[in-house]
Amino acid sequence: MILADKIIRERKKNGWTQEELAELMNVSRQSVSKWESAQSIPDINKVIRLSELFGVSTDYLFKDEMEEPEFVDSEEAANRRLTLAEAHQFLQIKERSAKIIAFATVLCILSPITLIVLSGIHSQNPARINETLVTGIGLFVLIVMVTCAVALFIYSGSQTGPYHFLDEEIFETEYGVTGMVKERKKAYGGQYNRNNIIATCLAILGVLPLILTAVAENELYMIFGLAKLLVIEAVAVALFILNGIRWESMLKLLQEGEYSKERKLESHRNNTIAAIYWPVMLALYLGYSFLTNNWHISWVIWPVAGILYGAVIAMASLFRKK
């Protein structure tokens with residue numbers, strides 16, 4: 001298998017398009033296309049970068065006689081390096097995705113408003129408005145808004161796909177990345193706190209329209225109060241999302257907080273425990289249920305297993321610290 005075929009194979013295995021691979025390689029899509037069609041061959045530095053991205057050895061990429069990939073060990077994979085250009089691009093993508101996710105969430109929160117308001121109007125004037133028409137219009141608007149929101153969520157996820165390794169893998173950064181991100185984080189710190197305060201206040205004050213309209217003891221007023229509550233809460237949630245994603249993206253690049261190297265290592269170890277623990281629980285559940293035929297009782301195994309899993313993880317963490 002020649003290099004061109006291996007690049008195609010590994011790119012598809014990672015679920016990347018040519019454009020996404022080109023972004024990670026800091027080359028044009030046309031360059032990737034030429035590599036995959038064997039019209040040109042990447043230089044040695046590009047091949048090394050490809051091996052890091054794919055998690056395979058350079059021998060596998062260079063040697064045509066090697067049909068199956070030779071995967072690098074965890075220590076080699078941990079040496080993945082993030083360039084300054086990639087860091088800038090990641091922050092730009094996360095900024096765009098934050099706005100998309102916030103807008104999609106707002107659509108979900110506001111989707112039932114039309115149905116709620118029209119139903120309220122119908123309850124006040126049942127003779128003037130057809131109930132079937134009200135329900136049909138309300139459900140139509142709700143479904144359209146939720147569908148648009150889901151499409152936006154999927155699109156946003158596809159944009160950040162090439163950078164999923166930042167969540168779980170330990171990586172190194174080139175000179176200038178850490179300094180740039182720390183400066184951004186420091187500059188955004190004040191705004192981050194202000195936005196959280198504003199969003200929290202909006203979330204609390206959002207119930208006021210409903211309380212005030214409840215005093216009037218008018219059903220239609222209460223419905224409009226509920227609609228106003230949803231609008232205010234949607235704004236608060238959108239602000240939380242925008243603020244959180246921006247801050248989280250910087251923590252990922254700096255490998256701090258939930259994304260620190262220690263947390264990532266701990267997460268990998270916990271995943272290993274989970275891979276053993278839950279199949280054992282499933283075997284116990286099925287074995288006990290089939291042998292005793294007490295299916296109406298055996299479901300208790302799952303909540304107990306969930307509690308025990310937390311205890312197992314805690315004990316494993318304590319043991320590692322010792």
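Because the structure is predicted, anything quoted here is derived from the model rather than measured.
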CA sep, side-chain torsions, deciding dist, call: Trp247, Leu251, side-chain contact (heavy atoms from CB on, under 4.5 Å)
CA-CA 6 Å; Trp247 190 256; Leu251 292 182; 3.8 Å; yes
Any idea which heavy atoms bring [X] and [Y] closest together, and the distance?
{"X": "Ser156", "Y": "Ile100", "value": "CB-CG2, 4.1 Å"}
{"X": "Leu61", "Y": "Val47", "value": "CD1-O, 3.7 Å"}
{"X": "Ala238", "Y": "Val106", "value": "CB-CG2, 3.7 Å"}
{"X": "Leu152", "Y": "Phe103", "value": "CD1-CD2, 3.6 Å"}
{"X": "Val117", "Y": "Ala227", "value": "CG2-CB, 4.1 Å"}
{"X": "Thr160", "Y": "Ser97", "value": "CG2-OG, 4.1 Å"}

Would [X] end up clustered with [Y] when hydrophobic side chains under 4.5 Å apart are linked, directly or stepwise?
{"X": "Ile109", "Y": "Val231", "result": "yes"}
{"X": "Phe153", "Y": "Leu242", "result": "no"}
{"X": "Leu82", "Y": "Val27", "result": "yes"}
{"X": "Val134", "Y": "Leu139", "result": "no"}
{"X": "Leu84", "Y": "Leu254", "result": "yes"}

With side chains defined as the heavy atoms from C-beta onward, is the minimum distance between [X] and [Y] less than 4.5 Å?
{"X": "Leu308", "Y": "Met281", "result": "no"}
{"X": "Thr17", "Y": "Leu21", "result": "no"}
{"X": "Leu229", "Y": "Phe224", "result": "no"}
{"X": "Val235", "Y": "Leu239", "result": "no"}
{"X": "Thr292", "Y": "Ser298", "result": "no"}
{"X": "Thr200", "Y": "Phe240", "result": "yes"}

Is it true that a side-chain atom of [X] and a backbone atom of [Y] form a donor plus acceptor pair closer than 3.5 Å?
{"X": "Asn243", "Y": "Tyr192", "answer": "yes"}
{"X": "Lys94", "Y": "Ile245", "answer": "no"}
{"X": "Ser111", "Y": "Cys108", "answer": "yes"}

Supply the atom-to-atom distance [X] [atom1] to [Y] [atom2], rounded to the nearest 0.5 angstrom.
{"X": "Ile121", "Y": "Leu118", "atom1": "CD1", "atom2": "CG", "value": "5.5 Å"}
{"X": "Ser249", "Y": "Leu91", "atom1": "OG", "atom2": "CG", "value": "5.0 Å"}
{"X": "Asn193", "Y": "Gln191", "atom1": "CG", "atom2": "CD", "value": "10.5 Å"}
{"X": "Leu166", "Y": "His164", "atom1": "CG", "atom2": "NE2", "value": "9.5 Å"}
{"X": "Leu253", "Y": "Gln255", "atom1": "CG", "atom2": "CD", "value": "9.0 Å"}
{"X": "Leu226", "Y": "Ile113", "atom1": "CG", "atom2": "CD1", "value": "8.0 Å"}

Evaluate the side-chain contact (heavy atoms from CB on, under 4.5 Å) criterion for residues Asn195 and Tyr188: first the C-alpha distance (whole Å), next the side-chain angles of each, then the deciding distance (0.1 Å), finally the verdict.
CA-CA 10 Å; Asn195 287 348; Tyr188 189 70; 3.6 Å; yes
Looking at [X], I'd like to know if its [atom1] atom is crowded, meaning that more than 12 non-hydrogen atoms belonging to other residues, nucleotides or ligands lie closer than 6.0 Å.
{"X": "Tyr285", "atom1": "OH", "result": "yes"}
{"X": "Leu284", "atom1": "CG", "result": "yes"}
{"X": "Phe62", "atom1": "CZ", "result": "yes"}

Pair [X] + [Y], salt bridge at N-O below 4.0 Å:
{"X": "Lys13", "Y": "Glu10", "result": "yes"}
{"X": "Lys12", "Y": "Glu20", "result": "no"}
{"X": "Glu258", "Y": "Lys252", "result": "no"}
{"X": "Glu23", "Y": "Arg29", "result": "no"}

Between Val144 and Val141, does a side-chain contact (heavy atoms from CB on, under 4.5 Å) hold up when you go through it step by step?
CA-CA 5 Å; Val144 169; Val141 173; 5.9 Å; no
Please evaluate residues Ile273 and Ile313 with respect to the criterion side-chain contact (heavy atoms from CB on, under 4.5 Å), reporting the C-alpha separation (whole Å), side-chain torsions for both, the decisive distance (0.1 Å), and the verdict.
CA-CA 8 Å; Ile273 295 174; Ile313 294 298; 4.2 Å; yes
Among Phe171, Trp16, Phe90, Tyr259, whose ring-ring contact (aromatic ring centres under 6.0 Å, His included) with Tyr163 holds?
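That would be Phe90; it is the only one of Phe171, Trp16, Phe90, Tyr259 passing the ring-ring contact (aromatic ring centres under 6.0 Å, His included) with Tyr163.
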So, Thr135 and Thr132: side-chain donor and acceptor under 3.5 Å apart, yes or no?
no
Parallel, tilted or perpendicular, judged at 30° and 60°: which one describes the rings of Tyr277 and Tyr309?
tilted
